[in-house]
Amino acid sequence: MTTADQQPSAFRRWVRENLLLVLTVLGVFLGSLVGLLARQTEYSDEVVLLVGFPGELLLRSLKMLILPLIISSLVSGLACLDAGASGKMGSRALLYYFSTTIMAAILGITVVVIIHPGDPNSGKNVVPKEKSDEESSVMDALLDIIRNMFPDNLMQACFQSVKTQTTKFNKTYGEGDEARVVPAIKRDLVDSPGTNVMGLIIFCVAFGLIAGQMGPQGKLMVDFFLILNEITMKMVCIIMWYSPFGIMCLVAGNLMAIDDLADTARSLGMYMATVITGLLIHATVSLPMVYFCVTRKNPFKFCKGIVQAWALALGTASSSAALPITFQCLEVNNGLDKRVTRFVLPVGATVNMDGTALYEAVASIFIAQKNDMNLSIGGLITVSLTATLASIGAASIPSAALVTMLLILQALGLPTHDVALIFTVDWLLDRMRTSINVLGDAYGAGIVQHLCKDELARMDAEAERRDRQMAEMLRSGSVALSGGRGSLLPRGGMVALMRLSAKSICGYS
Ligand code: 7O9
């Protein structure tokens with residue numbers, strides 16, 4: 001047989017093996033094509049709604065799974081790690097998140113300083129969206145983040161966060177002629193829509209750690225969350241086969257919904273190009289380099305496994321909606337250890353936002369350039385730090401996108417009205433940066449797994465030793481199975497015994 005004969009079948013085999021991947025990429029392309037072609041015609045708002053509707057269903061069904069998924073994966077993930085391993089894994093993950101995010105912010109600053117997109121006239125003919133007169137202080141935002149870490153009601157934390165609302169008023173001191181009027185600020189705590197993820201994460205981490213530490217007594221609870229996790233992942237699997245079609249509809253619908261594509265592109269084009277250049281460099285150079293330097297494995301092979309999650313982030317502009325698929329991709333395609341993904345991914349989706357940090361750095365310096373203000377080195381350092389912190393805190397701040405941007409501008413003493421301008425193109429840049437956020441989370445999981453391979457191997461060896469010991473005891477009849485008096489186990493011991501091995505507890509192979 002010649003190679004020419006083999007080629008079609010090899011190609012077909014490749015397609016069959018990577019069917020979902022092929023379909024997903026096709027979905028993105030077809031969606032863009034349909035969206036762009038449809039723009040040449042006239043259509044009503046109802047058509048846009050209907051085209052996007054199947055995509056909306058995809059988004060809703062993914063979001064439906066987030067809560068059971070993060071709760072079950074965090075609890076079961078932490079219950080399966082001993083204190084040492086979870087501490088090491090956590091600190092390494094946080095180190096990775098922090099260093100790549102600050103890298104992204106610095107890259108953003110470099111790109112925006114070199115390209116210099118913000119000449120004072122850019123964006124003149126764009127009609128800014130109405131400006132929100134939301135005032136926020138850095139201190140209030142910081143206190144809110146910490147406050148949200150300790151939710152006072154766990155049920156409420158599943159759908160609401162607290163937020164400080166400030167209102168200005170005039171305070172009068174003294175009376176009569178002596179009276180002085182001083183501006184003052186009144187603070188109210190209000191509940192605002194949006195899951196309090198940070199609060200849930202902290203509760204689940206504590207819950208999982210303690211349940212794991214309790215040994216046989218906590219076993220039932222750990223099993224419950226393990227099974228919940230399995231069931232949720234099976235549901236993700238089903239949604240995964242619907243996702244190519246859903247992504248196509250999302251992309252087409254989004255493209256059709258924009259009203260002035262060319263106009264915005266012309267006036268804010270350089271700014272968008274700057275952000276996109278930075279994001280591309282981070283995705284194709286910085287992150288793969290970090291991955292390669294740490295693990296010595298091929299980053300592009302790793303990348304191929306997570307195309308679906310990446311495409312979904314591009315379609316939905318939400319890394320939390322992409323989270324279920326990210327789990328599936330990393331565990332099934334890239335074969336990562338479940339003990340790592342269960343712990344690292346939910347935390348990563350919440351605090352690790354490289355794309356957002358890069359974007360906020362570019363946006364704030366763009367605004368400075370537009371106002372003809374030159375930032376000193378100190379100013380640039382402030383940008384890199386505030387952009388990093390803002391991206392870490394973003395998920396914990398209600399109505400984050402606006403607030404974090406305003407915080408950075410305030411820290412630099414820049415005018416805040418131009419935020420309205422850059423928000424006109426947020427729909428596109430949000431997608432781009434979200435896909436980088438997801439990419440960063442995924443590489444993070446790979447890197448943490450590599451860094452913790454000794455701990456994981458040690459736990460495996462320990463589990464095996466315990467297994468063998470148990471089997472030995474069973475064979476020699478030295479353990480009573482009934483769970484009666486004098487047995488090693490509580491009542492119902494037989495079932496518990498059979499399942500006691502760490503391997504079956506943690507559900508990995
Ligand atoms: C971007 F972990 C989860 F899955 F439970 C989770 C749930 C909700 C994680 C995060 C969130 C969440 O609410 N995140 C959030 C993120 C909330 C508000 C703003 C942002 C910032 O979002 C990014 C951006 O705008 O740059 C981006 N769209 O990664 O989703």
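Whatever order the structure lists ligands and atoms in, that order sets their numbers, starting from 1. Remember, predicted model here, so these are calculated numbers, not experimental data. Both backbone and side-chain heavy atoms feed into the values below; hydrogens, waters and symmetry mates do not.
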Minimum heavy-atom distance A321-L59, with the two atoms named: CB-CD1, 3.8 Å

With sequence neighbours excluded, residues passing salt bridge (charged side-chain N to carboxylate O under 4.0 Å, His left out) with D430: R433

side-chain hydrogen bond (donor to acceptor under 3.5 Å, both in side chains) partners for T404, two or more places apart: E360

Mind listing the N or O contacts between ligand 1 and protein, cut-off under 3.5 Å?
residue: ligand 1; atom: 25 (O); partner: D430; partner atom: OD1; Å: 3.4
residue: ligand 1; atom: 25 (O); partner: R433; partner atom: NH2; Å: 2.9
residue: ligand 1; atom: 26 (O); partner: T356; partner atom: OG1; Å: 2.6
residue: ligand 1; atom: 26 (O); partner: R433; partner atom: NE; Å: 2.5
residue: ligand 1; atom: 26 (O); partner: R433; partner atom: NH2; Å: 3.3
residue: ligand 1; atom: 28 (N); partner: A317; partner atom: O; Å: 3.1
residue: ligand 1; atom: 28 (N); partner: D430; partner atom: OD1; Å: 2.8
residue: ligand 1; atom: 28 (N); partner: T434; partner atom: OG1; Å: 3.1
residue: ligand 1; atom: 29 (O); partner: S319; partner atom: OG; Å: 2.5
residue: ligand 1; atom: 29 (O); partner: N437; partner atom: ND2; Å: 2.7
residue: ligand 1; atom: 30 (O); partner: S319; partner atom: N; Å: 2.8
residue: ligand 1; atom: 30 (O); partner: S319; partner atom: OG; Å: 3.1

Q160 side chain vs T195 backbone, donor-acceptor pair below 3.5 Å: no

Pair K338 + E230, salt bridge at N-O below 4.0 Å: yes

side-chain hydrogen bond (donor to acceptor under 3.5 Å, both in side chains) against S384, all qualifying residues, sequence neighbours excluded: none

